[in-house]
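Structure, as structure tokens:
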There are 2 protein chains.
Amino acid sequence: MTIYDIAEKAGVSASTVSRIINNKPGVKAETREKIKKLLEEYNYTPDENARGLVKKATKLIGILLADIRNDHHSALAYVVERKLREYGYCSIILNAGYEPEMMVESIQVLEQRKVEGIILVGSTFQNAVVEKKLKESMLNIPVVLANGHLDLPNVYGILVDEISGVRQLVELLYAKGKRNIAFIASLGTLSSYRKLQGYEEGLKKYNLLEQKVIIEVGMEKEAGYTGCKKLLERYPYIDGIICAEDLMAVGAIRFLNESNIKIPEQIAVSGINNSIYGESCYPSITTLDNKMPETGLMAAETLIESLNGIDRPHKIMLFPTIIEREST
Amino acid sequence: MTIYDIAEKAGVSASTVSRIINNKPGVKAETREKIKKLLEEYNYTPDENARGLVKKATKLIGILLADIRNDHHSALAYVVERKLREYGYCSIILNAGYEPEMMVESIQVLEQRKVEGIILVGSTFQNAVVEKKLKESMLNIPVVLANGHLDLPNVYGILVDEISGVRQLVELLYAKGKRNIAFIASLGTLSSYRKLQGYEEGLKKYNLLEQKVIIEVGMEKEAGYTGCKKLLERYPYIDGIICAEDLMAVGAIRFLNESNIKIPEQIAVSGINNSIYGESCYPSITTLDNKMPETGLMAAETLIESLNGIDRPHKIMLFPTIIEREST
DNA sequence: TTGTACGCGTTATCAA
DNA sequence: TTGATAACGCGTACAA
């Protein structure tokens, strides 16, 4: 069912039908009613792609994330999709994986679809390969990088200040009387180094830098468990642990539970990222609210403003807050 | 950059460029090379939407789920998106919410985008309002309903046999010596009734139907905790609990932990759905693997086959398996 | 081997 | 108030 079909049935031209669909003036009320009825009857819906062709506006936005199953990413993507839809945009969500090559491939898909803007979710997109690709084929559309930053004229970065966040966690543990605070993390991503920096800054504030204990672990599920085990074998005097991810904290707590170590009396534990694990764990985990919904909202708004020709600051910083629970 | 621009630069016609892009024969090797170089140089990418217009094939698929943040949904959607992309399809993922009206609205978006097929994720889409909408405007494209079924010629249902799954859980608890097995659930969805049926069938097998104890709870996070509390106040002799969702089991286990009740010695607990909570809980939770990735794969394959004109059974059943952990 | 002409579904411009 | 026509970017039948 096209406007031509409708036009034929109504005995008018396609342009008239188009006018009515787009609520344009200059149509006799009578004709308007007649055609509106026909549109209803055949429940006609305009082809948004054909529309995009002539209007040079596909109303399509690409959302790239490493993995939709990751709850941080999906929490952010959810807000973005909803918000953009309010403004009439349709989102193409792609799992771009953790390899720069796959990211580039995904960007290519968005390029073919002629998206009007892109949202990259996660600091993993902040890499040279992606930057190069964006520079060579995405210079004329706005790109928002959630939790990262790229120095390109059309790229906006929304960042969460993980440094200050983790510093606050150190402060919290210090306030609880803990003086031997360890940090368990899987180093490698930019995000992890920012957290590390926050840890060190926190220690420095209390002249505890020499007590610094960092346990580097892998990305596997049991990392928190094995990391905590290793930690206590080497540094049995530890009384506070900051884990770079809630899931690690879950593993650490499991080890402490099994070892009959009292949480938080003997050892206080904190996670980071306010994931679903924190609340369900026993004891529940103190964590850092990483403001994913807020970041998503900010990302969506920034993109829309840019699409409307309004320029915003190219680097926006949000501040995480501590969610204190039983584990501290 | 269009094929015309490239054609002009090469001094040939647009059709020749088109032939090369689509690897069609009948082009002099020399011309082919020359134009290929130009395509590279200007890194031309065809407009997939314009292509869709003329080929009457958008290569677009719609994935509707209630909420991308729900880990069952995203686990399924992940597989589907990845698989469809392998076949050159691009996915439009929409959060359609839990209200039928919002679902219809989302279907409308897909209609405008002229998607070639739809995947509905979750039994919540199995309702009269959605069925009506599909019947009136989506009759000519294949629709796959993951975890549900609708009796329409173009709708395929992939189902997970929750009934047999929960029955197996009852059998497991029975084998562990438990004879007073309760069921905590938030009734209302089709899925929840299937689980309930499995519970009852399991009890019936051992002539325990009269010991049936059902605690109905809400959808809130603390449902498992409060439900378990209520359960033990009224039925203190209970020695086995099946929770309709892992998250409920987490809450229940928290209550049992706080009450110093030994798991599984005094009370064994099982969840359902194999979510991330189960493994991280202490003790870890026995649960039902609801085969989300497998369902997703099956859904994607069914859709693709149907798109290729191959008919498949309209109702496919997958069978969940028990993942036994510490809580039983 | 290559080019011309047309159509896909829509909107925009201009003329009637 | 309405209609004819061109254009968006592409693929394809047919002609050259």
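The analysis underlying the following values was restricted to heavy atoms, covering all of them including side chains, and did not include hydrogens, waters or symmetry mates. Chain letters run A, B, ... following the sequence lines, proteins first, then strands; residues in each count from 1.
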Report summary line: One would report the end-axis bend of the helix from C:dT1-D:dA16 to C:dA16-D:dT1, five pairs per end and rounded to 10 degrees, as 50°

Query - Partners passing ring pair (Phe, Tyr, Trp, His ring centres under 6.0 Å) against A:Phe125 (at least two apart in sequence or in another chain) - result: none

Report task. Just jot down the ring pair (Phe, Tyr, Trp, His ring centres under 6.0 Å) partners of A:His149, sequence neighbours excluded, or say none. Result -> none

Would you give me the side-chain donor-acceptor pairs under 3.5 Å for residues 23-40 of chain A, sequence neighbours excluded?
| residue | atom | partner | partner atom | Å |
| --- | --- | --- | --- | --- |
| A:Thr31 | OG1 | A:Lys28 | O | 3.2 |
| A:Arg32 | NH2 | A:Lys24 | O | 2.8 |
| A:Lys34 | NZ | A:Ala10 | O | 3.4 |

Measure from the side-chain N and O atoms of [X] to the backbone N and O of [Y], and report whether any donor-acceptor pair falls under 3.5 Å.
X        : Y        : value
A:Thr295 : A:Lys291 : yes
B:Asn308 : B:Ile310 : no
B:Glu116 : B:Ile61  : no

Expressed in angstrom and rounded to an integer, what is the separation of [X] atom [atom1] from [N] atom [atom2]?
X       : N      : atom1 : atom2 : value
A:Asp47 : C:dC8  : CG    : P     : 12 Å
B:Ile20 : D:dC10 : CD1   : C1'   : 15 Å
A:Ile3  : C:dA12 : CD1   : C1'   : 12 Å

Report task. Look at the side-chain N and O atoms of B:Tyr4 and state whether any lies under 4.0 Å from the OP1 or OP2 oxygen of D:dA7. Result -> no

Report task. Answer yes or no: is there a side-chain heavy-atom contact under 4.5 Å between A:Asn43 and B:Glu111? Result -> yes

Query raised in the report: Going by the side chain to side chain donor-acceptor pair (under 3.5 Å) test, which pairs reach into residues 90-105 of chain B, not counting sequence neighbours?
Result: A:Glu81-B:Asn95

Report task. Applying side chain to side chain donor-acceptor pair (under 3.5 Å), name anything that partners A:Asn49, two or more places apart in sequence or on another chain. Result -> none

Report task. Go through the structure and list residues passing side chain to side chain donor-acceptor pair (under 3.5 Å) with B:Glu48, not counting sequence neighbours. Result -> A:Gln112, B:Arg51

Report task. Return the residues of residues 48-58 of chain A meeting this criterion: a heavy atom under 4.0 Å from some atom of DNA chain C. Order them by number, or give none. Result -> A:Ala50, A:Arg51, A:Leu53, A:Val54, A:Lys55

Requested in this report: For DNA chain C, determine which residues of residues 21-39 of chain A have any heavy atom closer than 4.0 angstrom to one of its atoms, and list them numerically.
Outcome: A:Asn22, A:Lys24

Report task. Might you confirm whether atom CD of A:Gln108 has over 12 heavy atoms from other residues, nucleotides or ligands at distances under 6.0 Å? Result -> yes

Query raised in the report: Is B:Lys9 positioned over the aromatic face of B:Tyr42, cation under 6.0 angstrom from the ring centre and no more than 45 degrees off axis?
Result: yes

Query raised in the report: Do B:Ser15 and B:Ser13 meet the criterion of a side-chain donor-acceptor pair at a distance under 3.5 Å?
Result: yes

Give every donor-acceptor pair under 3.5 Å between a side-chain atom in residues 137-145 of chain B and any protein atom, sequence neighbours left out.
| residue | atom | partner | partner atom | Å |
| --- | --- | --- | --- | --- |
| B:Ser137 | OG | B:Lys133 | O | 3.1 |
| B:Ser137 | OG | B:Lys133 | NZ | 3.4 |

Query - Gap separating the CG atom of B:Asn70 from the CG atom of B:Asp67, nearest 0.5 angstrom - result: 6.5 Å

Query raised in the report: Among residues 6-18 of chain B, which contact DNA chain D at a heavy-atom distance under 4.0 Å?
Result: B:Ser15, B:Ser18

If you restrict it to nitrogen or oxygen atoms, what contacts under 3.5 Å exist between nucleotides 14-16 of chain D and the protein, and what is each distance?
none

